Enquirer: 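What follows is a structure written as structure tokens; I'll ask about it next.
Chain letters run A, B, ... following the sequence lines, proteins first and then strands; every chain starts at 1. Please read all numbers here as calculations on a predicted model, not as lab measurements.
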Amino acid sequence: MRMSQMFSQTLRQAPAGAEVKSHRLLLRAGFIRQLAAGLFSYLPLAKRSLAKIENILREEMNAIGGQEISMPVVHPAELWKETGRWYEIGSELGRFKDKNEREMALAMTHEEVIGDLVRKEIRSHRQLPQLLYHIQIKWRDDPRPRAGLIRAREFTMKDSYSLDADEEGLDRQYRNHYQAYFNIFNRCALPTLAVRSDVGMMGGSMAHEFMYPTPIGEDTLLICDACGYTANRQIAEFRKPPAEPEEPRKAEKIETPGADTIEKLARFLGIPESKTAKAFFAVATITEGTEDVERFVLAVVRGDMEVNETKLANAVRAKELRPAREEEIRHAGASPGYGSPVGVKDALVVVDDAVKDSPNLAAGANEDGYHLINTNYGLDYEADIVSDIALAGEGDACPRCGEAMRTTRGVEVGNIFKLGTRYSEPLGCTFLDAEGDSKPVLMGSYGIGVGRLLACVAEEHNDENGLVWPITVAPYEVHLISLGGGEAVAEDLYRELTGRGVEVLYDDRDERPGVKFNDADLIGNPIRLTVGARSLERGGVELKLRREQESELVPVEEVAQSIERRLAALRTEIEERVVEVPFEE
RNA sequence: CGGGACGUGGCGCAGUCUGGUAGCGCACUCGGCUGGGGGCCGAGUGGUCGCCGGUUCGAAUCCGGCCGUCCCGACCA
């Protein structure tokens, strides 16, 4: 491609509002343009990089038996009503009516449509297993799009769906994806971690998220460097520091004026926070039968811990969970700042397992200005549910090996879910097994955000001058610059290299050298060739890797060979990153 | 949805407080010089100042409403 004819232009300054590095650089280098919040156009450079990523996705999906299909972006509402998601999902689902006033949905994901295909096509266990995938646009009306391509409203996703007759088959497909995803991210030179995760709106029994660790990430991860345990904070477990064994004493009400936080209470009583109980009030939306009801939830953790709202929501099987308002708390007979399960009515009481095993805790008396000392689970109050509902944090002990864990932030670039029968049952996706019994198909779903992946690669590979693409994702392999006196040789080289199948971006513009060098650095193709009177006098063409400082002088007639050698080396480097990864459950 | 900020040529911004006929840098066009890290000189093109309404002799500027964009939070895969 000749830059004199290329549609993309570089920008000296990034538009205001682009704060994240990848967003700024992709904008500045002419890869993307924003149309509206969370909506982007992909210019030629981005389109080329995306095509490369998509090909990697295809290769890895095909390698584990995937077959590519394509499903619509617009779906009839009926399908989404069948799985219940039409009602479960809020404004994030795009809805509209067609000209006949039929309700339609914009695809957020494609479980419903796959399910519809499966129930129409799959009848026998002989047709299983299957792995179908497509690369398609999704619409999620995110309440807050941000960070450019990292969180867009319209985005392209590779999603695959596995269909199996039994648990072993589903497990195999899940593990295949686990490895394939590492291969994909390694081939894109993007460091990632697989972490155990919450199943969220997808439903199902097991899920992993593939996280690119970066401070701009929106998720918090817990990592144990000693044994390799990794988990999203939403579900991360940890070993809770055990309480000192004591004989339970009799609860006693005492005056604690102004001690409406755990910190103040502990200081007032002269005890550690671990000797107190913390109450958290929430209202959960729970589906009972066919109805959604709101339940008041009183959660209790030990004073030295925080409530994990995801764990709490899962413990009560809530569809939604929000903090309670003061009047709701008072209505239940509790008192904000002085709350505990003792004496509250009409509350779903959830107690963290550590509270159950910690004797003689100071807890609220449900009366402003008063606490109870020496409360004991089982003596002073009971719970509807005892479960782990505590939030893991920096330094907490690993649930597996007990070593201190650390936290880091991450961007989710992919996820894998064992859906089981979450969709096949409501949609009636059944098959006849070898015994002639009708059984629901076991499904898995596996997603990778293509644009987000591109943005993460950009986020990882850049320097103060611009992007530094890995060879597998770069829009072009070679950036050829002609300077004064080098035009004729550059033209010849451009013809020769493209003739040999090398992807060359050729800066044939009448620009000053500084402009050309800066644009080359900004765009970030891996190899730069510079031809000018000065280089020719010294005996040839300058060859420089984007990521390195020094250039090498190559005689004109050896350039093609030299380029091919360099490209092969860059590819080998990437291939060496692709290794087998042990499955961490 | 809660909090905050911003909206002025393609991009980055000033002007708004204190109302008086819209400006700077970059980009773009033409001419000339220059020619290995965003160069210089000269001449130009381009803006209903987000939209609607109000106040006023007069509104980018003051007032009200709306829309849009970004950031923090809530939410979410």
Enquirer: Is there a donor and acceptor pair, one atom on the side chain of A:Glu542 and one on the base of B:G36, closer than 3.5 Å?
Expert: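 Result: at least one qualifying N/O pair found.
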Enquirer: Rounded to whole angstrom, note down the C1' distance from B:C62 over to B:G19.
Expert: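 To the nearest whole Å, 8 Å.
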Enquirer: What about A:His208 and A:Phe417, are their ring centers closer than 6.0 Å?
Expert: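 Centroid separation for A:His208 and A:Phe417: 6.0 Å or greater.
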Enquirer: Base, sugar-phosphate or nothing for A:Asp510? Non-hydrogen atoms, less than 4.0 Å.
Expert: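 Contact class for A:Asp510: base.
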Enquirer: Need the pair for B:G23. Rule: Watson-Crick or G-U wobble, both distances under 3.5 Å, any strand; none if unpaired.
Expert: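 Checking every strand shown, B:G23 finds its partner in B:C13, with both distances under 3.5 Å.
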Enquirer: Would A:Tyr161 and A:His110 count as a close aromatic pair, with their ring centres under 6.0 Å?
Expert: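 No, ring centres 6.0 Å or more apart.
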Enquirer: Could you state the atom-to-atom distance from CZ of A:Arg151 to C1' of B:C72 in whole Å?
Expert: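 Taking atom C1' of B:C72 as the reference, CZ of A:Arg151 is at 13 Å.
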Enquirer: Roughly how far, to the nearest 0.5 Å, is CE of A:Met108 from CH2 of A:Trp80?
Expert: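 Here the rounded value is 6.0 Å.
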Enquirer: Among the candidates B:G37, B:G38, B:A77, find the nucleotide nearest to the side-chain atoms of A:Pro513.
Expert: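 Of the candidates, B:G37 comes closest.
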Enquirer: Side chains of A:Ser49 and A:Lys47: any donor to acceptor distance under 3.5 Å?
Expert: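 Judged by distance alone, the side chains do not pair up.
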Enquirer: Using purine N1 to pyrimidine N3 plus N6-O4 or O6-N4 for Watson-Crick, or N1-O2 and O6-N3 for G-U wobble, each under 3.5 Å, what pairs with B:A74?
Expert: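 Per the H-bond distance test, none.
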Enquirer: Which residue pairs pass the side-chain hydrogen bond (donor to acceptor under 3.5 Å, both in side chains) test with at least one member in residues 19-28 of chain A, sequence neighbours excluded?
Expert: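 Of all non-adjacent pairs touching residues 19-28 of chain A, those that pass side-chain hydrogen bond (donor to acceptor under 3.5 Å, both in side chains) are A:Ser22-A:Glu459.
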Enquirer: Test of understanding: with side chain to side chain contact (heavy atoms under 4.5 Å, CB included), list the residues that count as partners of A:Glu309, not counting sequence neighbours.
Expert: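 With sequence neighbours excluded, A:Glu309 shows a side chain to side chain contact (heavy atoms under 4.5 Å, CB included) to A:Phe280, A:Leu321, given in chain and number order.
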Enquirer: In whole Å, what is the span from the CZ atom of A:Arg85 to the C1' atom of B:A77?
Expert: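 Nearest whole value for this atom pair: 10 Å.
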Enquirer: Using atom C1' of each nucleotide, how far apart are B:G15 and B:U21 to the nearest Å?
Expert: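 It comes out at 15 Å once rounded to the nearest Å.
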Enquirer: Tell me which of A:Asp219 and A:Pro145 sits closer to the 5' end of RNA chain B, going by the nucleotide each one is nearest to.
Expert: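 Closest to the 5' end, via its nearest nucleotide, is A:Pro145.
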Enquirer: Using only modelled atom types and a 3.5 angstrom limit, is any donor from either the side chain of A:Asp519 or the base of B:G38 paired with an acceptor on the other?
Expert: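 Under the 3.5 Å cut-off, the side chain and the base do form a donor-acceptor pair.
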Enquirer: Please tell me if the side chains of A:Leu193 and A:Phe182 come closer than 4.5 Å, counting only heavy atoms from C-beta onward.
Expert: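 Contact flag for A:Leu193/A:Phe182 side chains = no.
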Enquirer: Starting at CG of A:Leu536 and ending at C1' of B:G36, how long is that distance when rounded to a whole Å?
Expert: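 To the nearest whole Å, that distance equals 13 Å.
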Enquirer: Using a heavy-atom cut-off of 4.0 Å across all strands, would you classify A:Ala147 as base, sugar-phosphate, or nothing?
Expert: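 Touches sugar-phosphate only.
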Enquirer: With a 4.0 Å cut-off on heavy atoms, is A:Arg28 in touch with a base, just the backbone sugar-phosphate, or nothing at all?
Expert: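 Base contact.
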Enquirer: Under the side-chain hydrogen bond (donor to acceptor under 3.5 Å, both in side chains) test, which residues partner A:Asn232, sequence neighbours left out?
Expert: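 Only A:Glu209, A:Asp219 meet the side-chain hydrogen bond (donor to acceptor under 3.5 Å, both in side chains) criterion with A:Asn232.
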Enquirer: Would you classify A:Asp521 as touching base, sugar-phosphate or nothing, given that sugar-phosphate means primed atoms plus P, OP1 and OP2, and contacts are heavy atoms under 4.0 Å?
Expert: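 The answer is base, as A:Asp521 lies within the cut-off (heavy atoms under 4.0 Å) of a base atom.
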Enquirer: When only distance counts, do a donor and an acceptor, one from the side chain of A:Arg512 and one from the base of B:G39, lie under 3.5 Å apart?
Expert: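 Checked by distance alone, the answer is yes.
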Enquirer: So A:Gly484, base contact, sugar-phosphate only, or nothing? Heavy-atom distance under 4.0 Å.
Expert: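 The residue A:Gly484 makes no contact with any strand.
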Enquirer: Assess the side chains of A:Tyr181 and A:Glu60: does a donor N or O sit below 3.5 Å from an acceptor N or O?
Expert: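 No donor-acceptor contact under 3.5 Å links the two side chains.
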Enquirer: Reading RNA chain B from 5' onward, which residue's closest nucleotide shows up sooner: A:Val531 or A:Arg452?
Expert: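 Closest to the 5' end, via its nearest nucleotide, is A:Val531.
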Enquirer: Roughly, in whole Å, what's the span from OH in A:Tyr446 to C1' in B:A77?
Expert: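 Taking OH of A:Tyr446 and C1' of B:A77, I get 16 Å after rounding.
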Enquirer: Nearest whole Å is fine: how far is B:G37 C1' from A:Lys516 NZ?
Expert: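 Interatomic distance, NZ of A:Lys516 to C1' of B:G37: 13 Å.
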Enquirer: Mind checking what makes side-chain hydrogen bond (donor to acceptor under 3.5 Å, both in side chains) contact with A:Arg12, not counting sequence neighbours?
Expert: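 side-chain hydrogen bond (donor to acceptor under 3.5 Å, both in side chains) list for A:Arg12, sorted by chain: empty.
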Enquirer: For A:Arg146 and B:G73, give me the distance from atom CZ to atom P, rounded to whole Å.
Expert: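 The distance from CZ of A:Arg146 to P of B:G73 comes to 7 Å, rounded to the nearest Å.
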Enquirer: Can you tell me how far P in B:U61 sits from the matching atom in B:C52, rounded to whole Å?
Expert: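 It comes out at 12 Å once rounded to the nearest Å.
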Enquirer: Rounded to the nearest Å, what distance is computed from the CZ atom of residue A:Arg509 to the C1' atom of nucleotide B:G37?
Expert: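 The answer, rounded to whole Å, is 13 Å.
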Enquirer: Taking pairing as Watson-Crick or G-U wobble with both contacts under 3.5 Å, can you name the mate of B:A5, or confirm there isn't one?
Expert: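 When the pairing criteria are applied, B:U69 turns out to be the nucleotide that pairs with B:A5.
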Enquirer: Between atom CG in A:Leu480 and atom C1' in B:G36, what is the gap in whole Å?
Expert: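 My rounded result for the distance is 15 Å.
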Enquirer: Testing A:Glu552, A:Glu550, A:Arg566 for side-chain contact (heavy atoms from CB on, under 4.5 Å) with A:Leu545, which one passes?
Expert: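 Testing A:Leu545 for a side-chain contact (heavy atoms from CB on, under 4.5 Å) against A:Glu552, A:Glu550, A:Arg566 leaves exactly one candidate, A:Arg566.
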Enquirer: If you go through the side-chain atoms of A:Arg144, does one of them form a donor-acceptor pair with the base of B:G3 closer than 3.5 Å?
Expert: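 Looking at the base of B:G3, it does not pair with any donor or acceptor on the side chain of A:Arg144 (distance under 3.5 Å).
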Enquirer: Under the criterion side chain to side chain donor-acceptor pair (under 3.5 Å), which of A:His134, A:Lys158, A:Arg58 is the partner of A:Glu68?
Expert: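 For A:Glu68, the side chain to side chain donor-acceptor pair (under 3.5 Å) check succeeds only for A:Arg58.
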Enquirer: Contacts to RNA chain B from residues 11-18 of chain A, heavy-atom cutoff under 4.0 Å, which residues?
Expert: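 Residues of residues 11-18 of chain A under 4.0 Å from RNA chain B: A:Arg12, A:Gln13, A:Ala14, A:Pro15, A:Ala16, A:Gly17.
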Enquirer: Give one of base, sugar-phosphate or nothing for A:Asn518, where a contact means two heavy atoms less than 4.0 Å apart.
Expert: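 Contact class for A:Asn518: base.
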Enquirer: Taking RNA chain B as the partner, which of residues 31-41 of chain A come within under 4.0 angstrom of it by heavy atom?
Expert: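 Residues of residues 31-41 of chain A that come under 4.0 Å of RNA chain B are, in numerical order, A:Gln34, A:Ala36, A:Ala37.
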Enquirer: Sort out the partner of B:U29 for me: Watson-Crick or G-U wobble, both distances under 3.5 Å, none otherwise.
Expert: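 B:A43 - that is the nucleotide pairing with B:U29, both distances being under 3.5 Å.
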